[in-house]
J.: 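Can you keep this structure in mind? I'll have questions shortly.
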Amino acid sequence: MWVYIEKISEYVEKEVTIKGWLYNIRSAGKLMFPILRDGTGMIQGVVSKKDVTEKVWESFGKLTQESSVIVTGKVSKHPKKENVYELQISDMEIVSISEPYPITPKEHGIDFLADKRHLWIRSPRQAAILRVRNEIIQSIREYMYNNGFILFDTPIFTPNACEGTSTLFSTDYFDLGKAYLSQSGQLYAESGAMALGKVYTLGPTFRAENSMTRRHITEFWMMEPEMAYFDLDDDMNMIEDFLEYVVQRVIKNKRAELEILERDVTKLEKVKKPFPRITYNEAVEILRQKDVPLIKKTANGEEQIRPFPWGEDFGAPHEEAIVENYDKPVMVHRWPAHAKAFYMKRDPENPDIALGVDVLAPEGFGEIIGGSQREDNLDYLLERIKEHELPESEFQWYLDLRRYGSVPHSGFGLGIERLVSWICNLEHIREAIPYARRPNRIRP
RNA sequence: UGGAAGAUAGCUCAAUGGUGGAGCAUUCGGCUGUUAACCGAAGGGUUGGGGGUUCGAGUCCCCCUCUUCCAGCCA
């Protein structure tokens with residue numbers, strides 16, 4: 001009977017067939033120990049010369065790493081290890097002998113592995129990450145469904161920049177001129193919230209920024225909820241509830257994978273409501289107390305400005321300094337308005353402040369969520385569009401949302417790969433997606 | 001886009017300006033409980049590209065290409 005390795009413990013002392021690949025093989029005279037993988041896990045086989053035919057024995061001798069095989073044998077407990085199973089092999093059929101496999105069970109450089117990404121994903125660590133990614137996305141969809149959110153898929157081809165800031169990828173679009181690849185589905189999601197109450201988008205997003213860091217890819221997946229009648233506090237309440245659900249479900253269902261990744265799960269177990277909420281002003285106070293300066297590039301090098309001036313955006317060292325006090329995600333809210341996007345609503349108590357929130361993951365993973373309450377007043381929004389020198393004509397449909405039954409509403413954007421990086425404790429975001437797209441890499 | 005480091009066998013890395021090596025992978029042989037198994041043998045190289053200094057350059061100098069890390073932008 002064909003079974004998958006992840007279910008192997010249900011078949012102890014039974015004869016089963018596994019269809020998979022040879023991960024590695026060791027031999028000791030009349031014994032061989034092939035390690036098999038089938039996509040769901042790995043198991044060590046035991047081949048004894050006296051228990052198999054001459055043909056099967058010789059076939060095992062021919063196997064190279066990643067050769068595909070169909071193996072039959074009896075499942076047994078490992079003689080030395082608890083909760084580990086082996087396959088006492090009685091028969092084997094070669095499906096295909098692999099050519100010398102480039103990814104040997106030794107160390108490799110990152111550029112080589114990236115070139116061989118189509119094979120790299122077979123390795124236990126990469127496969128574990130992709131299983132966790134699947135669990136994360138499944139948890140997100142489940143949370144959203146269970147909480148009354150409607151999946152609202154937004155277009156990838158768009159006629160203009162959403163926020164007017166990032167550089168966009170462009171392509172020809174028939175007789176209509178240029179089309180741009182979406183850098184956010186938010187504006188469309190806002191229209192969805194006015195139609196359906198609570199909606200979310202989950203899909204690929206594109207940024208043509210030449211960002212060569214461990215936290216950036218040019219094509220990434222973003223989840224963007226948008227909720228009618230939610231103010232900033234409602235938004236933050238949802239963020240905490242949502243993040244707790246996803247993290248706790250992943251550590252419950254994907255413990256084996258997190259172990260392969262050597263993830264310290266106790267740190268994730270602490271991700272429970274409530275999360276610390278600090279205003280931008282309070283964050284600036286922390287930076288001043290810790291004497292973290294603003295570093296400005298000048299013609300002849302760098303200049304350190306202290307105390308940290310109000311109104312400046314935070315860089316990596318500032319996020320680090322703010323987050324290190326906490327072992328949960330930190331929500332920094334109420335930002336200087338001039339540094340933020342045009343659609344953010346101003347604080348009624350202070351027009352210099354925008355009702356935005358950034359969520360900084362613990363352990364130095366930085367921003368994983370950016371959100372805000374949206375400007376729902378037609379006149380203010382028109383003013384912002386003019387200030388940001390955006391083409392008003394392109395935003396008429398968006399402005400309609402304020403003309404016809406405008407309501408307070410809020411939402412946020414979550415970077416899926418950044419969430420995966422944090423939960424899996426990855427050194428680099430390129431491992432958080434099957435095929436990472438970066439400014440200098442589009443293959444394979 | 002700026003700063004730093006780097007490019008030598010299929011892979012990971014050594015090599016004082018003086019005959020380019022090792023481990024893994026591959027091929028062959030040995031071993032009845034191996035855990036990146038081990039032991040023995042073999043094959044495998046235009047030292048990223050171009051120019052220069054030198055009796056002699058993987059090594060020193062210049063240019064180019066590519067990669068990695070850090071910073072900015074952000075999710």
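Just so it is clear, the values below take in all heavy atoms, side chains as well, and ignore hydrogens, waters and symmetry mates. Below, chain A is the first sequence line, B the second, and so on; all start at residue 1.
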J.: What is the distance, rounded to the nearest whole Å, between atom NE2 of A/His428 and atom P of B/rU67?
T.: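 Rounded to the whole Å, the gap is 13 Å.
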
J.: Students often get this wrong, so: under 4.0 angstrom with heavy atoms, is A/Arg438 touching a base, only sugar-phosphate, or nothing?
T.: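 Sugar-phosphate only.
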
J.: Establish, with yes or no, whether the OP1 or OP2 oxygen of B/rC69 is under 4.0 angstrom from a side-chain nitrogen or oxygen of A/Arg430.
T.: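 A/Arg430 to B/rC69 OP1/OP2: side-chain N or O found under 4.0 Å.
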
J.: Taking everything shown except A/Glu259 itself, do over 12 heavy atoms lie less than 6.0 Å from its CD?
T.: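 Atom CD in A/Glu259 is not crowded, with 12 or fewer foreign heavy atoms closer than 6.0 Å.
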
J.: Say we look at B/rU12 and B/rC70: how far apart would their C1' atoms be, to the nearest angstrom?
T.: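 So the two C1' atoms sit 24 Å from each other.
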
J.: Reckon A/Lys62 touches a base, only the sugar-phosphate, or nothing at all at heavy-atom distances under 4.0 Å?
T.: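 Nothing, no nucleic acid heavy atom in range.
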
J.: Find the distance A/Met212:CE to B/rU67:P and express it as a whole number of Å.
T.: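 These atoms are roughly 7 Å apart.
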
J.: Touch check for A/Met32, heavy atoms < 4.0 angstrom, all strands: base, sugar-phosphate only, or nothing?
T.: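 Contact class for A/Met32: none.
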
J.: Can you confirm whether the side chains of A/Gln126 and A/Glu431 place a donor and an acceptor under 3.5 Å from each other?
T.: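 A/Glu431 and A/Gln126 do have a side-chain donor-acceptor pair below 3.5 Å.
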
J.: Please measure how far the C1' atom in B/rG43 lies from the corresponding atom in B/rG56, and state the result in whole Å.
T.: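 It comes out at 30 Å once rounded to the nearest Å.
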
J.: Between B/rU54 and B/rG18, how far is it from one C1' atom to the other, in whole Å?
T.: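 Looking at atom C1' only, B/rU54 and B/rG18 are 12 Å apart.
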
J.: Counting neighbours of CD on A/Glu107 that are heavy atoms of other residues, nucleotides or ligands and sit closer than 6.0 Å, is the number greater than 12?
T.: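 Atom CD in A/Glu107 is not crowded, with 12 or fewer foreign heavy atoms closer than 6.0 Å.
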
J.: Looking only at atom P, what distance separates B/rA4 and B/rC74, rounded to whole Å?
T.: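 The same atom, P, in both gives a distance of 26 Å.
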
J.: Students often get this wrong, so: under 4.0 angstrom with heavy atoms, is A/Thr205 touching a base, only sugar-phosphate, or nothing?
T.: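 If one applies the 4.0 Å heavy-atom cut-off, A/Thr205 turns out to touch nothing in the nucleic acid.
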
J.: Nearest-Å distance, CZ (A/Arg215) to C1' (B/rC70)?
T.: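 One finds 13 Å between C1' of B/rC70 and CZ of A/Arg215, rounded.
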
J.: What's the separation between atom CE in A/Met92 and atom OG1 in A/Thr72, rounded to the nearest 0.5 Å?
T.: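 With rounding to 0.5 Å, CE (A/Met92) is 10.5 Å from OG1 (A/Thr72).
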
J.: Using distance alone, with no hydrogens and no angle criterion, decide if A/Ser184 and A/Glu224 have a side-chain donor and acceptor under 3.5 Å apart.
T.: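 Yes, side-chain donor-acceptor contact under 3.5 Å.
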
J.: Could you measure between the two P atoms, the one in B/rA22 and the one in B/rC63, and give it in whole Å?
T.: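 Each nucleotide's P atom is 36 Å from the other's.
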
J.: Are any of the side-chain nitrogens in A/Arg443 or A/Asp115 under 4.0 Å away from the carboxylate oxygens of its partner?
T.: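 Salt bridge between A/Arg443 and A/Asp115, a charged N being under 4.0 Å from a carboxylate O: no.
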
J.: Please give the distance between the P atoms of B/rA25 and B/rU35 as a whole number of Å.
T.: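 The answer is 13 Å between these two P atoms.
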
J.: Above 12 or not: heavy atoms from other molecules or residues under 6.0 Å from NZ of A/Lys290?
T.: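 For A/Lys290, atom NZ is crowded (more than 12 foreign heavy atoms under 6.0 Å).
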
J.: Under a 3.5 Å cut-off for both distances, is B/rA4 Watson-Crick or wobble paired, and to whom?
T.: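 Result: B/rU68.
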
J.: What protein N or O atoms touch nucleotides 31-33 of chain B N or O atoms at under 3.5 angstrom, if any, and at what distances?
T.:
residue, atom, partner, partner atom, Å
B/rC31, N3, A/Gly29, N, 3.1
B/rC31, N4, A/Ser27, OG, 3.1
B/rU32, OP2, A/Lys30, N, 3.4
B/rU32, O4', A/Ala28, O, 3.3
B/rG33, O2', A/Lys80, NZ, 3.4
B/rG33, N1, A/Glu86, OE1, 3.2
B/rG33, N2, A/Glu86, OE1, 3.2
B/rG33, N2, A/Glu86, OE2, 2.1

J.: Rounding to the closest angstrom, what is the interatomic distance between B/rG44 and B/rC11 at atom C1'?
T.: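 So the two C1' atoms sit 13 Å from each other.
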
J.: Quote, to the nearest angstrom, the C1' distance that separates B/rU53 from B/rU68.
T.: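 These two C1' atoms come out 31 Å apart once rounded.
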
J.: B/rG29 pairs with which nucleotide, Watson-Crick or G-U wobble, both distances below 3.5 Å?
T.: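 Base-paired to B/rC39.
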
J.: Could you list all the ring pair (Phe, Tyr, Trp, His ring centres under 6.0 Å) pairs where at least one residue sits in residues 81-117 of chain A, not counting sequence neighbours?
T.: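 Passing the test, one end in residues 81-117 of chain A: A/His108-A/Phe112.
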
J.: Would you say A/Asn440 reaches B/rU68's phosphate, i.e. side-chain N/O to OP1/OP2 under 4.0 Å?
T.: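 Affirmative; the distance criterion is met.
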
J.: Round to the nearest Å and state the distance from A/Phe314 atom CZ to B/rA75 atom C1'.
T.: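 After rounding, the gap between these two atoms is 18 Å.
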
J.: Nearest whole Å is fine: how far is B/rU12 P from A/Ile110 CD1?
T.: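 These atoms are roughly 11 Å apart.
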
J.: Please state how far atom NE2 in A/His318 lies from atom C1' in B/rG72, giving the value in whole angstrom units.
T.: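 Distance, rounded to whole Å: 12 Å.
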
J.: Short of 4.0 Å, heavy atom to strand atom, which residues of residues 352-374 of chain A count as contacting RNA chain B?
T.: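 Those residues whose heavy atoms fall under 4.0 Å from RNA chain B, taken from residues 352-374 of chain A in numerical order, are A/Glu367, A/Ile368, A/Ile369, A/Gly370.
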
J.: By the 4.0 Å heavy-atom rule, please label A/Asp111 as base, sugar-phosphate, or nothing.
T.: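 Contact class for A/Asp111: sugar-phosphate only.
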
J.: Take the protein atom NE2 of A/His108 and the nucleotide atom C1' of B/rC24, then report the distance between them rounded to whole Å.
T.: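 Spelled out: NE2 on A/His108 to C1' on B/rC24 is 8 Å.
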
J.: Checking only heavy atoms, does the side chain of A/Ser211 share a donor-acceptor pair with the base of B/rC73 at less than 3.5 Å?
T.: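 Answer yes: a donor N or O sits under 3.5 Å from an acceptor.
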
J.: If you count heavy atoms of other groups shown closer than 6.0 angstrom to CD of A/Glu387, is the number above 12?
T.: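 Yes - once you tally the heavy atoms of other residues, nucleotides and ligands closer than 6.0 Å, there are more than 12.
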
J.: Between A/Glu190 and A/Tyr398, is there a side-chain donor-acceptor contact under 3.5 Å, judged purely by atom types and distance?
T.: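 Short answer, yes.
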
J.: Would you kindly give the CG-to-C1' distance between A/Leu119 and B/rG10, to the nearest whole Å?
T.: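 Result: 13 Å.
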
